[in-house]
Each structure stands twice: as C-alpha cells, then as structure tokens.
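Below you'll find the structure, written out as structure tokens, and then a few comments.
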Amino acid sequence: MDVHVRDLRYFVAVAEELNFTRAASDRLFVSQPTLSKQIRQLELSFRAALFERDRRTVTLTAAGRALLPHARQLIEQWEAAQRAVVDAVATQDATLTVGFQTGIGRGLIPAVTATMEKLLPGWRLQFRQITWADPTVGLAGSDVDVAIAWLPIPTSGDFSQKVITREDRWVALPADHHLANRPAVSFEDLADEPFIALPATAGALREFWLGNDRRRSPARIAATAETADEAFEAVASGLGIVLLSAGNAEIYKRENVTCRPVTGLSSSELAVVWRTRDHREAVRVFVDACCLCTATCS
C-alpha cells in the first residue's frame, strides 16, 4: 500500500481542525470535495475509517488516533529531507530563490542585491513569479526560499513575516469609466461595481483585495485572474475593476487603465516572508537586507 505525503497532510489538517471546511480553506487551499475525496481514498487504503462524521461534528476513530502521531512524524521527516536537498543545492549554487506575485519595484531589489553582495559574497538572487492561486507564494513547497508578498498570508505558524512597506489601496478602472476623472474615489462608490478577483484558493488575500473587510455585502465578481497582468488586461477590456497598492499603480501603468486613490479602506502591507523553521544564514541576511533597505520593518 503506497500513501502519498500529500494524503497524510490532508489527514493531519482534518485531524487538527476537526472540520473539513476549515481544513480545506484555511490550511490546504483546496476545495472541500477534493479534500473529502482524498480522505476517503486514504481510508480505503487503510481499510479503516479514520473519522466519524455527522452533520455537525468530526471526530477521530481509534484508527485515526493511532495514525496521527505517525503521520505527523512522516511529514516532518519528508519536510526535513526536502530542506536538506534544497540546502545542498542552494549552497552548491549559492542561489537564493525569491518568490513574488506582483512587480516588486520600489527600488528594493537593487538595494537588497547590493547589501547581499557585501554580506554574502558569491551568492546571487533568483526570482520566480508565483500565481495568486498559491497564497504562500511558493513557500508551502520547495519552489522558493523566501518571498516578497502582500499580506495576509496563511497564519498556520509555518511562516514568519516582516512588513517592508505600507501603502494606500488604489483602484484600477477602465479609462472610460464614469469615475475615472475623479482625483480620488470613495470605496462606497465602488462597492457595487464588478470586480476582478483573485482565485478562490487565494483565501484571505482574495478577500482583502476585494475590500471585503469594508463591505456590507459580498463583492460582485466579473472575472478571476491568476496574475497581475491578467487582472489589468481584464480591466483594460472593460470587464471590471481591481484594487491595487499605490506603488503598483505606477508599476502597472498602461493605456486604457486609470488608477485612482480610494478613500475608506485600510492600507495594504508588503512583507518579506520565510519559513519559520528555516534558519539558514542566507535567509536571515536576505530578511535583514530587506529591512535595512526600507527601514520600516515590523
């Protein structure tokens, strides 16, 4: 019987949350039907029920309680193996891979690169764009070593963060939109507009960029986009509008799109994010360099 580490992750998430919906959306970033299907397949593999379920509660069976400590141990061992391989490759290549989802800009990367060259001679930075479908910006797997990410990120405790900068939220509108000529736009005037949304798997980040922290009713979704370029193309074509940070209004400037400040919204936060258990010197130096180059880390 072969069981994937992914299936054990699914099992542990449900066992710790004792709730399929929370485990799917807050821990695993998959749909609940997908999670339920994988748990059923795991139970078939063991030929034993791992959970007792009714409409309101989920509890572990005796078999589930027996499996849980071993599942946690196997996951930890696999993660340690992944880190060992990543460390070996990174040390050999002297490369730190930085994940990002939108253009970083703000003069940050040239400044950080120069600082890294002083503190870690011979190391280089490699950049990898991750779609919005992954709210961990590649950190949940082995795609990246650190990330420059917009908050919020998942709060499972697996990741640490320091805020690099705080910026007002703006809105990108089609150039011929009836609000495009205003110097600033209130969020109340935007609330009923069709929005371009991040994928559902983006979770809390999707909610933030829809302004749902300030809404009385859910946003009207016109389309979803997995990257900033997709979002701005959708805006330019007139499908809807999208919120963005003030700094990104300059980075993604293009024809047929007008960006304006939005009143009535909290600020956005850009952070440097890393795996909490990753204590490599290169990661620490990168984080410190980000803070040193912005002097606003918190």
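Predicted model only: the values in this text are computed from it and were never measured. Along the sequence shown, the residues carry numbers beginning at 1.
Side-chain N or O atoms of Asn212 include none that pairs as donor or acceptor with a backbone N or O of Arg215 at under 3.5 Å. Looking only at distances, a side-chain donor or acceptor of Arg128 sits under 3.5 Å from a matching main-chain atom of Asp143. Distance alone, capped at 3.5 Å, is enough to place a donor-acceptor pair between the Asp145 side chain and the Thr97 backbone. Using modelled atom types, no side-chain atom of Thr61 and backbone atom of Glu52 make a donor-acceptor pair closer than 3.5 Å.
Between the CZ atom of Phe51 and the CZ atom of Arg65 there is a distance of 11.5 Å, given to the nearest 0.5 Å. Atom CD1 of residue Ile148 and atom CH2 of residue Trp150 lie 10.5 Å apart, to the nearest 0.5 angstrom.
Residues Val242 and Val171 are not in side-chain contact: their nearest non-hydrogen atoms beyond the backbone lie 4.5 Å or more apart. The closest side-chain heavy-atom distance from Val137 to Val144 is not below 4.5 Å. Side-chain contact check for Ile39 versus Arg53: some heavy-atom pair is nearer than 4.5 Å. Residues Pro174 and Ile241 are in side-chain contact: their nearest non-hydrogen atoms beyond the backbone lie under 4.5 Å apart. Contact annotation: the side chain of Leu198 never approaches that of Gln101 to less than 4.5 Å [non-hydrogen atoms, C-beta and beyond]. For the pair Leu42/Leu50, a side-chain contact is recorded, criterion being any heavy-atom separation below 4.5 Å from C-beta on. By the 4.5 Å heavy-atom criterion applied to side chains, Glu193 and His178 are counted as neighbours. Side chains of Asp213 and Glu207 form no contact here, defined as non-hydrogen atoms less than 4.5 Å apart.
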Using a 3.5 Å cut-off and no angle test, enumerate the donor-acceptor pairs between side-chain atoms of residues 70-78 and protein atoms at least two apart in sequence or in another chain.
residue, atom, partner, partner atom, Å
Arg72, NE, Glu16, OE2, 3.2
Arg72, NH2, Glu16, OE2, 3.2

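Under a hydrophobic-cluster definition in which Ile, Leu, Val, Met, Phe, Trp and Tyr are linked whenever side-chain heavy atoms come within less than 4.5 Å, directly or via other members, Trp170 and Ile104 are assigned to different clusters. A chain of hydrophobic side-chain contacts below 4.5 Å, direct or via other Ile, Leu, Val, Met, Phe, Trp or Tyr residues, connects Leu270 to Val287. When hydrophobic clusters are built by joining Ile, Leu, Val, Met, Phe, Trp and Tyr residues whose side-chain heavy atoms come closer than 4.5 Å, directly or via intermediates, Leu119 is grouped together with Leu108.
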Verdict with supporting geometry, Leu68 and Phe11, side-chain contact (heavy atoms from CB on, under 4.5 Å): CA-CA 8 Å; Leu68 183 56; Phe11 164 73; 4.0 Å; yes
Intermediate values then yes/no, side-chain contact (heavy atoms from CB on, under 4.5 Å), Cys291 and Lys162: CA-CA 8 Å; Cys291 295; Lys162 286 189 177 182; 3.7 Å; yes
Worked check of side-chain contact (heavy atoms from CB on, under 4.5 Å) between Phe286 and Leu125: CA-CA 9 Å; Phe286 181 84; Leu125 299 179; 3.9 Å; yes
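Counted by atom type alone, Thr131 and Thr227 present zero donor-acceptor pairs between their side chains at under 3.5 Å. Side-chain contact check for Arg169 and Ser266: at least one donor-acceptor pair (N or O, by modelled atom type) lies under 3.5 Å. Checked by atom type, the side-chain pair Thr21/Gln32 shows a donor-acceptor distance below 3.5 Å.
For the residue pair Ala147 and Leu139, the shortest heavy atom distance occurs at CB-CD1, 4.0 Å. Shortest non-hydrogen contact noted between Ala289 and Thr115 is CB-CG2, 3.8 Å. Gly138 and Arg275 make their closest contact through O-NH2, 4.0 Å (heavy atoms, listed as atom of the first residue, atom of the second, distance). For the pair Pro152 and Ala204, the tightest heavy-atom approach, listed with the atom from each and the gap, is CG-CB, 3.7 Å. Residues Leu210 and Ala197 approach most closely at CD2-CB, 3.9 Å, considering heavy atoms. Smallest separation of non-hydrogen atoms from Pro154 and Thr136: CG-CG2, 3.8 Å.
Residues meeting the salt bridge (charged side-chain N to carboxylate O under 4.0 Å, His left out) test with Glu167, sequence neighbours left out: Arg106. The ring-ring contact (aromatic ring centres under 6.0 Å, His included) test applied to Phe195 returns no partner, not counting sequence neighbours.
Sorted by first and then second residue, the salt bridge (Lys or Arg N to Asp or Glu O under 4.0 Å) pairs with a member in residues 170-192 read Arg182-Asp189; sequence neighbours excluded. Each salt bridge (Lys or Arg N to Asp or Glu O under 4.0 Å) pair with one or both residues in residues 239-252, not counting sequence neighbours, appears once here: Glu250-Lys253. Sorted by first and then second residue, the ring-ring contact (aromatic ring centres under 6.0 Å, His included) pairs with a member in residues 219-251 read Phe232-Tyr252; sequence neighbours excluded.
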